[in-house]
Amino acid sequence: MSQSSVVLEETGSTNTLAATVREAMLAGDTTLSVLDSESGEWVTAPWREVHARAEQIAVQLLADSDLHEPLAVGLIGDPTVDLIAAIQGAWLAGVPVSILPGPIRGADESRWAETTYARFVSIGVGTVLGSGSQLDLLAKVDGQLRIARVAEFGMAADTTGFVARNVNANTVAVLQGTAGSTGDPKTAVLTASAVYSNAIELVSRLGLHRTRDTGFTWLPLYHDMGLMFLLAGMTTGISAYVVPNTAFAAAPFKWMQWLTETKATVTAAPNFAYDILGRYGKLLRDVDLSNLRVAISGGEPIDADAFDKFLEATAPFGFERSAAAPAYGMAESACAVTMPAVGEGAHYDEVTVTPPGGGEPIRRRYAILGKPLGGMQVRIVEPNVDVPVIDGRSVGHVEIRGTSMMRGYLGGPDLGAGEWFATGDLGYLVDDRLVICGRAKEVIIVAGRNLFPIEIERAAAEVAGVRRGGVVAMARGEGSSRPGLVILAEYKGADPEKARAEVNSEVASACGIMPADVIFVAADSVPRTTSGKIRRLETRQMVEDGAFEIIGQK
């Protein structure tokens, strides 16, 4: 059977998501540019050509299905023009896409390949497209998946007269892995309508327009924030620049150089990236950030002091404070839930916090994360755990619902119509804008007191030699010989005993509690997810099992 004569039963309504992306890609002369990690050169293609490749990939996918319901498409490896085209190719074929991460540094590559292969199979993937060593590793695993190089897939397909397969709005578009920082990772099932809604409302909130804006991202596409940032560009047809996240990790300061080079108007990153630039801002040279009108910070709790350091360090280079956009989102809602309006900038709520059960009041600044996007709702409900008392604020569990919500977790029950989803975060509202002040699932209970790990970890990270982002606060059980607060920290310094004393002092001063133990381990010892978040449950278990090699232990 020829690839041009594929026939499938057409049911449901027009494929709105794929149609919107198609219209944007074909509307003008804008381009997609992807950095080739090996050569260091940009590979640029007009969005029109990207869509042409997407049609070829879609035709091949439908031909391979041989009149059966086509299976989901898996993507792996560094971003390329072809890989990005494959996202739209999957939607033109009416099937979901799932993007999984490669092996982290130090991982057993064969084990990664077997695990990743099995995960693709378990979520319904039939074809995996990609490039480089990651694809080669998957190709060595025995199984029924079709493993193909994305640059070659569908190149011979005849797209004459091709029309996107019709699917209804409830057809699954993305199988999105969740972070898994506090437990086993799950897969959020996102329908075409949910993905479309989040993208369109994000575009609306940011005021993106093809004739004005240029996007830049180094966020990994397997992360909801990276995928949705790219999709916001795809649905508007703005010129976009994409860099592999490994290139950023190798040289974080190149982010500012890339923004200068591309004259980007919109970018996004987690808090830690802004933190790095703020801490070492004196190293900035010869950059021009005056074109940026939106810089989103999301994906993890925002440290007000660290973000302010970034703003101070970049102001001399043209970065306007009004461009900052501290936001809130999660994979379960496609990505974005709340975000400031363009030009609103970074604002904080400075409050007095009294720990549960009493203690000395402490002044805190929490980032104000904007109002909900169109179609989304946020509410604060009565907490079922003790929470800090914040003067003039009603702290509770954050729940969300709306048009961007997932259908449910793969293999689990669907969310009911209008059902509120418990995020696990604690927060409150200020003028209808969301503020996050902790996480209920990560509350530490020590001697009857509820403590937030993030506050303790930030205090400990102020000590020289302690690696910011490599600190984990936990409670040691009452049955232990030394019950109380335990701090595990990645440390690189010459005097661990002095540093331990300083950690004790910082935590006692900032959080009103003295740690029972401070454990120093080598850099990169703390287990993390592929997106860089600490695996807290695994870390706690390793501490209990004595699995860490402790620095300076007597």
Side-chain angles (χ1 to χ4, degrees), residues 31-45 50 75-87 99-107 109 112 130-137 150-151 214-231 233-234 239-281 283-289 291-292 295-300 310 314 317 469 523-524 528-533:
T31 59
L32 167 68
S33 299
V34 183
L35 186 72
D36 184 301
S37 294
E38 294 185 2
S39 68
E41 300 293 329
W42 293 105
V43 178
T44 299
V50 179
L75 301 179
I76 202 79
D78 281 347
T80 63
V81 169
D82 291 294
L83 191 84
I84 291 170
I87 298 172
I99 309 174
L100 294 185
I104 62 175
R105 184 174 60 181
E109 293 185 339
W112 166 84
S131 60
S133 60
Q134 295 177 23
L135 195 75
D136 294 338
L137 289 167
V150 68
T214 298
F216 176 89
T217 177
W218 51 261
L219 297 167
L221 297 183
Y222 57 76
H223 193 278
D224 59 285
M225 192 175 173
L227 179 59
M228 196 53 62
F229 186 90
L230 174 66
L231 182 54
M234 290 169 64
S239 289
Y241 290 83
V242 180
V243 168
N245 66 301
T246 51
F248 166 80
F253 272 76
K254 290 205 70 174
W255 180 23
M256 300 294 102
Q257 296 174 13
W258 288 319
L259 290 174
T260 302
E261 176 185 346
T262 62
K263 298 183 179 180
T265 62
V266 185
T267 193
N271 177 80
F272 82 84
Y274 294 100
D275 184 7
I276 292 172
L277 272 295
R279 295 183 79 184
Y280 303 101
L283 300 177
L284 282 174
R285 296 285 188 278
D286 302 323
V287 297
D288 179 5
L289 307 178
N291 291 295
L292 271 176
I296 301 168
S297 178
E300 61 183 7
F310 166 80
T314 54
F317 301 96
D524 299 320
R528 292 173 169 82
T529 68
T530 53
S531 59
K533 294 183 180 180

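We number each residue from 1, following the sequence as shown. These figures come from a predicted structure and were not determined experimentally.
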| task | Nearest 0.5 Å please: distance from the CZ atom of F216 over to the OG1 atom of T260. | result | 10.0 Å
| Between T31 (side chain) and T44 (backbone), is there a donor-acceptor pair under 3.5 Å? | no
| remark: When rounded to the nearest 0.5 Å, the distance separating CD of Q257 from CG of L284 is 9.0 Å
| said: Using the ring centroid of each side chain, check whether W218 and Y241 are separated by less than 6.0 Å. | reply: no
| Between W112 and L137, is any pair of side-chain heavy atoms under 4.5 Å apart? | yes
| message | To the closest 0.5 Å, what do you measure between OG (S33) and CD (E261)? | response | 9.5 Å
| request: Calculate, to the nearest 0.5 Å, the distance between atoms OG1 and CE belonging to T314 and M256 respectively. | output: 7.5 Å
| Would you say the side-chain atoms of T267 pair up with the backbone N or O of T217, donor to acceptor, closer than 3.5 Å? | no
| task | Of all the heavy-atom pairs spanning A247 and L35, show the shortest one and how long it is. | result | CB-CD2, 4.5 Å
| message | Testing the basics here: between W255 and A269, what is the closest heavy-atom pair and its distance to 0.1 Å? | response | CH2-CB, 3.5 Å
| request: Give the C-alpha distance, both sets of side-chain angles, the deciding distance and a yes or no for ring-ring contact (aromatic ring centres under 6.0 Å, His included) between W258 and F253. | output: CA-CA 9 Å; W258 288 319; F253 272 76; over 10 Å; no
| field | P244 side chain reached by P79 side chain, heavy atoms, under 4.5 Å | value | yes
| message | Whether the side chain of T80 engages the backbone of L83 through a donor-acceptor N/O pair (distance < 3.5 Å, no angle test) should be reported. | response | yes
| request: Please report the closest heavy-atom contact between S297 and Y274, naming both atoms and the distance. | output: CB-CE1, 3.6 Å
| E300 side chain to N271 main-chain N or O, any donor-acceptor pair under 3.5 Å? | yes
| task | Report yes if the side chains of L230 and L219 come closer than 4.5 Å at any heavy-atom pair, otherwise no. | result | no
| said: Any heavy-atom pair between the side chains of I296 and M225 that's under 4.5 Å? | reply: yes
| query | Does a side-chain heavy-atom distance below 4.5 Å link W42 with V34? | reply | no
| To the nearest 0.5 Å, how far apart are CG in L75 and CG in L135? | 10.5 Å
| request: Would you mind reporting whether I99 and L227 have side-chain heavy atoms less than 4.5 Å apart? | output: yes
| Can you find a pair of side-chain heavy atoms, one from D78 and one from T246, that are under 4.5 Å apart? | yes
| Closest heavy-atom contact between I276 and P252? | CG2-CB, 4.1 Å
| message | Quick check: closest heavy atoms across F229 and V266, and the distance to 0.1 Å? | response | CZ-O, 3.6 Å
| Any side-chain heavy atom of L32 within less than 4.5 Å of one from V242? | yes
| task | Measure across L100 and I76 and return the closest heavy-atom pair with its distance rounded to 0.1 Å. | result | O-CD1, 3.0 Å
| When rounded to the nearest 0.5 angstrom, what distance separates CZ in R285 from CZ in F317? | 7.0 Å
| task | Return yes if some donor-acceptor pair links the side-chain N/O of T265 with the main-chain N/O of T214 below 3.5 Å, else return no. | result | yes
